[in-house]
J.: 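Encoded as structure tokens, here's the structure I'll be asking about.
Just so we're on the same page: letters track the sequence lines, and every chain starts at 1.
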6 protein chains.
Amino acid sequence: MRIGIVNPNTTLEFTASLRNTLRQVAESGTELLVTNPARGVASVESFAEEAVAALGVMAAVRQLETEGADAYVVACFGDTGVQPAREIVGGPVVGMTEAALHAASIISERFSIVTLPRRTLAHAERVVRHLGLAHRCTVYAVDVPVLALMEDDTGPVEEAIAQAAHHALVHDHAEAIILGCAGLSDMVASLSARLGVPVIDGVAVGLKTAEGLVSAGLKTSKKSSYARPPSLLDLSAWPSQALPSEI
Amino acid sequence: MRIGIVNPNTTLEFTASLRNTLRQVAESGTELLVTNPARGVASVESFAEEAVAALGVMAAVRQLETEGADAYVVACFGDTGVQPAREIVGGPVVGMTEAALHAASIISERFSIVTLPRRTLAHAERVVRHLGLAHRCTVYAVDVPVLALMEDDTGPVEEAIAQAAHHALVHDHAEAIILGCAGLSDMVASLSARLGVPVIDGVAVGLKTAEGLVSAGLKTSKKSSYARPPSLLDLSAWPSQALPSEI
Amino acid sequence: MRIGIVNPNTTLEFTASLRNTLRQVAESGTELLVTNPARGVASVESFAEEAVAALGVMAAVRQLETEGADAYVVACFGDTGVQPAREIVGGPVVGMTEAALHAASIISERFSIVTLPRRTLAHAERVVRHLGLAHRCTVYAVDVPVLALMEDDTGPVEEAIAQAAHHALVHDHAEAIILGCAGLSDMVASLSARLGVPVIDGVAVGLKTAEGLVSAGLKTSKKSSYARPPSLLDLSAWPSQALPSEI
Amino acid sequence: MRIGIVNPNTTLEFTASLRNTLRQVAESGTELLVTNPARGVASVESFAEEAVAALGVMAAVRQLETEGADAYVVACFGDTGVQPAREIVGGPVVGMTEAALHAASIISERFSIVTLPRRTLAHAERVVRHLGLAHRCTVYAVDVPVLALMEDDTGPVEEAIAQAAHHALVHDHAEAIILGCAGLSDMVASLSARLGVPVIDGVAVGLKTAEGLVSAGLKTSKKSSYARPPSLLDLSAWPSQALPSEI
Amino acid sequence: MRIGIVNPNTTLEFTASLRNTLRQVAESGTELLVTNPARGVASVESFAEEAVAALGVMAAVRQLETEGADAYVVACFGDTGVQPAREIVGGPVVGMTEAALHAASIISERFSIVTLPRRTLAHAERVVRHLGLAHRCTVYAVDVPVLALMEDDTGPVEEAIAQAAHHALVHDHAEAIILGCAGLSDMVASLSARLGVPVIDGVAVGLKTAEGLVSAGLKTSKKSSYARPPSLLDLSAWPSQALPSEI
Amino acid sequence: MRIGIVNPNTTLEFTASLRNTLRQVAESGTELLVTNPARGVASVESFAEEAVAALGVMAAVRQLETEGADAYVVACFGDTGVQPAREIVGGPVVGMTEAALHAASIISERFSIVTLPRRTLAHAERVVRHLGLAHRCTVYAVDVPVLALMEDDTGPVEEAIAQAAHHALVHDHAEAIILGCAGLSDMVASLSARLGVPVIDGVAVGLKTAEGLVSAGLKTSKKSSYARPPSLLDLSAWPSQALPSEI
């Protein structure tokens with residue numbers, strides 16, 4: 001099967017890192033079509049940036065459908081553009097946040113998200129509440145910008161995340177931690193070892209969820225909320241950009 | 001004071017109708033700056049159309065702020081683009097849906113929304129849940145497209161709305177009705193007379209809310225969620241279009 | 001238009017202060033009819049005092065309606081007597097707590113109330129829950145009696161409020177603060193400057209809400225919950241007392 | 001022990017009927033002190049009537065405490081005046097609505113209230129929500145005034161209640177029915193036989209709850225919400241009236 | 001009347017202690033039938049132990065019904081086996097947790113549970129949420145095993161409970177404390193004196209609730225959820241063991 | 001990888017049918033270890049039967065872990081025994097109900113469960129509420145016993161399910177249907193074609209979820225709620241029975 005992976009921001013390094021992470025957990029029969037918008041925002045850290053990035057997500061899934069994608073993963077915490085994307089295409093569209101929350105709810109009773117930067121707390125909670133998990137999930141943020149993850153030394157970010165997660169383990173009785181950004185996959189192993197609880201990367205479980213839905217023959221319901229949009233939408237201003245294989 | 005009124009769709013007739021409605025309820029000292037995006041969607045009836053329209057709303061409030069607007073009303077049920085717009089400008093941004101729900105919660109114990117078309121039920125409920133009013137508000141939809149309101153005879157639409165509202169009065173014990181579309185202002189008087197309960201047009205109460213917040217000296221908190229976006233957003237592809245005074 | 005302002009307690013100084021605050025935010029065409037019960041409680045700081053004050057509120061709005069009031073504001077945190085008052089008169093009755101919460105929900109994502117004294121926490125939360133905003137609003141109390149606001153130096157009270165508010169900003173990520181007492185209007189400017197976020201006085205926004213509802217032509221629904229009471233209520237034991245203009 | 005029973009309205013026939021019902025379920029060692037306000041409302045069917053009746057409840061429990069009452073039952077659906085009464089006296093104050101809901105939650109998974117008249121739906125739901133049982137309890141109302149229960153033939157009222165209850169059993173999967181008025185005790189046996197499910201009279205279970213709390217040595221917490229009111233309340237205008245033994 | 005008391009674990013000392021506690025609060029006409037499973041777990045501190053103990057509870061109530069029990073109290077925090085037991089017998093089955101929560105909701109506005117050990121937090125919260133009281137109740141745990149209550153000196157456990165309770169009083173504004181284990185009855189008096197608020201033992205109020213329901217003539221609804229199980233269940237592997245009178 | 005599949009009832013035909021369904025959706029590298037308790041109940045249709053079956057589930061996963069299972073699927077609607085099973089073993093334990101709800105929440109906005117028989121409505125809702133999805137999911141039941149699915153002609157059952165599902169599509173605006181029993185897998189294709197919306201079998205998506213969690217390297221958190229039980233549990237009375245390959 002073919003799974004389209006959409007990084008909603010324009011930062012190629014994130015997209016490349018995403019592909020590398022996902023290749024390790026993809027089934028052998030899964031082909032990954034990894035892409036990001038060629039135009040938009042370098043990272044998604046506000047409602048306004050979400051709005052811009054959503055157009056890119058919509059254009060990307062439309063393009064990926066023409067390339068034969070069976071399902072889609074949107075790799076941005078907060079699940080930017082997931083609802084409109086579900087209207088645009090036929091195959092299921094999985095947000096990394098919802099996938100992470102589902103996994104956490106199976107392997108633990110209570111869990112916490114550690115996201116970044118602080119101003120996006122409301123974005124994470126929007127997903128938590130849409131899924132109804134506010135009684136089992138608390139949300140923390142460390143106040144560093146997403147692009148700090150592009151720096152050579154991400155040690156300080158990891159330290160800040162570990163401290164917030166530790167606080168959640170002790171004070172909220174969290175039993176698992178969800179990493180609240182698509183760019184944190186590399187920290188899963190070390191944080192899990194340090195914290196002694198499962199640490200969940202929504203990107204990885206998002207791919208597994210997408211593969212599972214395709215395998216089970218499930219597609220987005222087109223009955224009402226996610227029916228194709230009634231008007232033809234011109235998204236030509238938001239071209240998507242397949243990740244070159246040589247990166 | 002100056003209040004910017006944003007119709008998120010590109011249909012000038014709606015914008016003109018909006019201005020006519022609002023002139024009747026505006027304070028004498030209020031100047032209305034009425035606008036819509038020059039590019040986007042003719043009506044907002046899906047998540048994807050919301051995503052496109054949100055860009056127009058963001059560009060419109062940015063432009064209106066340069067023209068001296070003190071506050072803004074977004075005249076689209078579902079409050080399309082309200083959250084990102086709050087980041088873009090300093091003055092308060094009021095969604096017609098939230099304003100209508102606030103008014104209903106003061107003049108009645110229970111109330112119902114009648115929106116259109118059916119696929120946008122989830123949009124109305126998103127606002128109801130964000131405000132926390134699901135225990136007091138039910139949502140209905142009549143299944144006609146928004147552009148049916150452009151036709152000469154809107155009688156059948158009004159009849160369908162009246163029937164849905166009547167059902168809510170009897171079965172949900174609703175005591176007030178919220179009209180779930182910016183294009184229904186002309187029906188307020190006749191529906192209210194027919195139903196025997198207050199009928200609320202979010203456009204009108206949205207304007208009053210905006211005027212009130214300005215008068216009370218309140219602006220959007222810039223502390224975190226609605227701080228200015230961290231990056232400079234290029235919204236030039238979404239020019240807004242002030243309503244010509246001769247229409 | 002005429003707006004009736006009801007201070008539910010018998011302390012004239014509060015009523016006079018209320019009038020002074022509201023004159024500054026009232027529209028030029030708004031006449032304020034400011035009153036309090038001649039008999040009752042000097043302040044409202046318990047359920048029992050609320051019960052006594054509610055009778056005064058009911059008698060006051062009945063009297064104000066005969067004087068031509070178009071709408072009413074009840075200036076007591078907890079919205080004492082608002083529901084019964086809605087039955088007694090035809091025009092909309094606005095509680096200062098609900099008005100403050102509505103304003104806060106538009107200008108911020110999360111917000112906190114700082115009320116007093118501590119035993120009234122449950123009163124504030126009753127309104128928060130009736131409006132459904134518990135997921136966005138936390139409630140704090142400083143443990144000083146209301147009548148401490150009558151003292152010459154209210155500095156210590158303001159300091160205590162500022163500390164509680166600061167705690168809410170840091171720990172609950174509040175982005176706006178609601179002052180939980182009608183007697184705190186004078187602290188709005190200094191607290192707002194000190195805290196760096198909007199500080200909301202429910203009295204002021206209550207008046208703007210009342211004006212807006214009148215302007216939009218909305219009255220209390222008389223369909224069921226707020227229909228006139230079935231029996232004639234003798235409220236003669238609770239005479240109201242218009243504020244003399246010379247105070 | 002001595003249990004004070006307060007009928008919040010002024011209708012002696014209700015008070016007498018209440019006593020007769022409760023004598024049958026009281027423990028042998030329980031002395032019932034049955035009373036109602038001498039002044040107030042003939043029945044409680046609106047928020048305004050609740051406000052008037054609450055003063056009577058407060059005065060009644062204060063009087064009953066001087067007569068040695070160990071606990072109190074307020075026999076009015078909606079639990080009128082229960083919260084302020086808890087402040088006034090030391091012994092536990094039990095509302096018939098909360099007691100009925102507790103009993104229902106033990107003997108069934110889902111249950112429904114059938115109250116009267118229709119305008120009091122919001123009163124019943126206020127208690128349901130304060131207890132948090134909205135996910136297990138639905139509320140119905142038959143639209144007859146409370147004083148219809150004083151008529152010779154209450155058959156039509158019982159028929160209307162039976163029909164509403166039957167609807168709840170079929171459509172909401174209710175497994176028990178709560179009678180939403182203190183004047184319906186006589187219908188328990190026939191309705192229970194007819195409906196085939198437990199029918200709960202809050203007056204009876206309210207007494208048992210009060211007896212149980214006394215027996216377990218529990219009193220109202222005076223720590224904060226229900227501490228004695230800070231000011232001395234003059235309730236002399238609301239004398240209570242012990243039921244003469246000869247009625 | 002006869003009330004069956006079921007200790008779900010196999011530790012006779014607990015059962016004996018339970019009987020001693022309950023004899024002091026039982027009505028004079030109440031005969032206590034006190035029992036525990038002869039086979040199962042020494043204490044219930046995990047979901048798996050709950051599952052084993054539930055079988056013992058089911059067998060015990062079946063046996064007690066043959067001995068003429070009119071109602072049943074399950075004396076294990078978390079209300080292990082209460083739902084299946086309701087199907088097995090006709091008389092009402094009361095869990096100590098729900099009874100304690102009901103009592104707390106009458107004598108206070110907010111309250112907290114202090115349970116043990118920490119891993120059972122989710123068990124307590126399951127009951128809190130099933131009753132809908134999460135908005136009024138917080139849950140704490142001290143991390144000692146239940147069998148520590150068998151030791152000679154339970155002082156350290158009581159100290160830990162007092163500290164957790166004190167934290168709840170200060171930080172959550174709790175006004176009453178629920179002891180979250182059936183083996184803590186002996187601490188009620190000293191903790192209550194020390195904390196200055198009511199301390200609730202679910203075992204005692206559970207018995208009073210059971211007596212009250214029998215006295216009010218209420219039995220478990222057999223309409224649907226708690227109808228007798230459709231198949232004959234072989235519970236012979238879980239014999240129950242009446243407490244010898246000489247212990 | 002090896003996935004243990006547990007049918008909690010003793011009916012071999014169900015277990016065989018389960019295996020046949022799952023073989024079609026399993027990854028090529030997945031080995032299915034399919035089992036059911038040798039002792040217990042023929043079907044799970046009540047709380048008491050759930051309690052008995054839970055012991056069988058616990059014994060089964062313990063046995064399957066010794067056989068090298070990496071994860072487990074419990075194939076009984078209501079997720080019988082899932083929580084205790086999570087304590088017993090290290091690999092993730094997936095309930096078919098939670099897996100179905102997760103899938104539904106991704107491919108639709110609103111959805112409904114159609115379960116059987118009617119008395120198990122509360123079991124389905126227990127899972128819906130534990131996941132927090134009550135605002136998006138309604139539950140229906142058709143009143144036929146589970147063992148009716150063993151009959152030659154299951155047409156009448158399918159017809160009843162289709163009618164309940166159709167009701168949900170029209171009245172609750174459901175956009176997907178979850179089949180509320182492990183024995184309904186064969187109806188997915190025909191119901192989906194008839195209803196025009198996705199029909200979800202929790203057994204299939206449960207397997208996909210289990211595979212995905214293993215592939216993503218996630219195991220049950222052993223920090224607190226699901227730590228190994230503190231005592232050694234004797235489950236020898238509940239031997240499990242691997243499905244013979246020749247069936």
Side-chain angles (χ1 to χ4, degrees), chain C residues 9-10 39-59 61-62 80-89 93 117-123 125-126 129-130 132 141 143 145-147 222-238, chain D residues 9-10 39-59 61-62 80-89 93 117-123 125-126 129-130 132 141 143 145-147 222-238:
Chain C
N9 67 47
T10 59
R39 181 159 165 261
V41 290
S43 66
V44 178
E45 310 185 29
S46 67
F47 288 110
E49 288 164 342
E50 272 193 333
V52 170
L55 275 287
V57 171
M58 289 156 64
V61 295
R62 182 185 279 178
T80 302
V82 163
Q83 286 185 312
R86 282 181 182 145
E87 295 179 345
I88 303 278
V89 290
V93 180
R118 189 164 297 146
R119 65 179 296 161
T120 63
L121 275 172
H123 306 228
E125 289 184 347
R126 176 187 59 207
R129 295 194 71 81
H130 191 50
D143 214 8
V146 172
L147 294 175
K222 289 293 170 180
K223 183 186 164 227
S224 183
S225 299
Y226 297 135
R228 303 261 171 184
S231 65
L232 192 67
L233 297 172
D234 177 9
L235 300 173
S236 58
W238 309 93
Chain D
N9 67 47
T10 59
R39 179 159 165 262
V41 291
S43 66
V44 178
E45 311 185 29
S46 67
F47 288 110
E49 288 164 344
E50 272 193 333
V52 170
L55 275 287
V57 171
M58 289 157 63
V61 296
R62 181 185 281 179
T80 301
V82 163
Q83 286 185 311
R86 280 179 183 147
E87 294 179 345
I88 304 277
V89 290
V93 180
R118 187 164 298 146
R119 66 179 296 161
T120 63
L121 275 171
H123 305 228
E125 289 184 347
R126 177 187 58 208
R129 294 194 71 82
H130 191 50
D143 213 8
V146 171
L147 294 175
K222 291 292 170 183
K223 182 186 166 228
S224 183
S225 299
Y226 297 134
R228 303 262 171 183
S231 64
L232 192 67
L233 298 172
D234 176 9
L235 300 173
S236 59
W238 310 94

J.: Just so I know, are the side chains of D/Pro230 and C/Glu49 near enough to count as touching, which here means a heavy-atom distance under 4.5 Å?
T.: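 The answer is yes; the side chains approach within 4.5 Å.
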
J.: Using the salt bridge (charged side-chain N to carboxylate O under 4.0 Å, His left out) criterion, which residues pair with C/Arg228? Sequence neighbours excluded.
T.: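 C/Arg228 satisfies salt bridge (charged side-chain N to carboxylate O under 4.0 Å, His left out) with C/Glu65 only.
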
J.: So, for D/Ala48 and C/Glu87, which heavy atoms are closest and what is the spacing to 0.1 Å?
T.: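 In this case the closest contact between D/Ala48 and C/Glu87 is N-OE1, 2.7 Å.
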
J.: Give, as side chain, backbone, both or neither, the part of D/Val41 having an atom under 4.5 angstrom from any heavy atom of chain C.
T.: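 The answer is the side chain of D/Val41.
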
J.: Sort out for me which of D/Leu233, D/Leu121, D/Asp234 touches chain C most, counting heavy-atom pairs under 4.5 Å.
T.: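 Option with the greatest count: D/Leu233.
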
J.: Counting heavy-atom pairs under 4.5 Å to chain C, which of D/Ala122, D/Gly40, D/Pro84 comes out on top?
T.: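 Winner by heavy-atom pair count: D/Pro84.
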
J.: With sequence neighbours excluded, tell me which residues meet salt bridge (charged side-chain N to carboxylate O under 4.0 Å, His left out) with C/Arg62.
T.: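 Checked C/Arg62 against salt bridge (charged side-chain N to carboxylate O under 4.0 Å, His left out); zero matches.
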
J.: Would you check if D/Gln83 and C/Glu50 make a side-chain contact, meaning some heavy-atom pair closer than 4.5 Å?
T.: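 Result no, sub-4.5 Å side-chain heavy-atom pair not found.
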
J.: For side-chain contact (heavy atoms from CB on, under 4.5 Å), just list the numbers for D/Arg119 and C/Ser225, CA-CA rounded to whole Å, side-chain angles, deciding distance to a tenth of an Å, and then say yes or no.
T.: CA-CA 5 Å; D/Arg119 66 179 296 161; C/Ser225 299; 5.9 Å; no

J.: D/Ala237, D/Ser43, D/Ala227, D/Pro117: which one forms the most heavy-atom pairs within less than 4.5 Å of chain C?
T.: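 Of D/Ala237, D/Ser43, D/Ala227, D/Pro117, D/Ala227 has the most heavy-atom pairs under 4.5 Å with chain C.
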
J.: Would you call the rings of D/Phe47 and C/Tyr226 parallel, tilted or perpendicular if under 30° counts as parallel and over 60° as perpendicular?
T.: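 If you compare the ring of D/Phe47 with that of C/Tyr226, the planes turn out tilted.
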
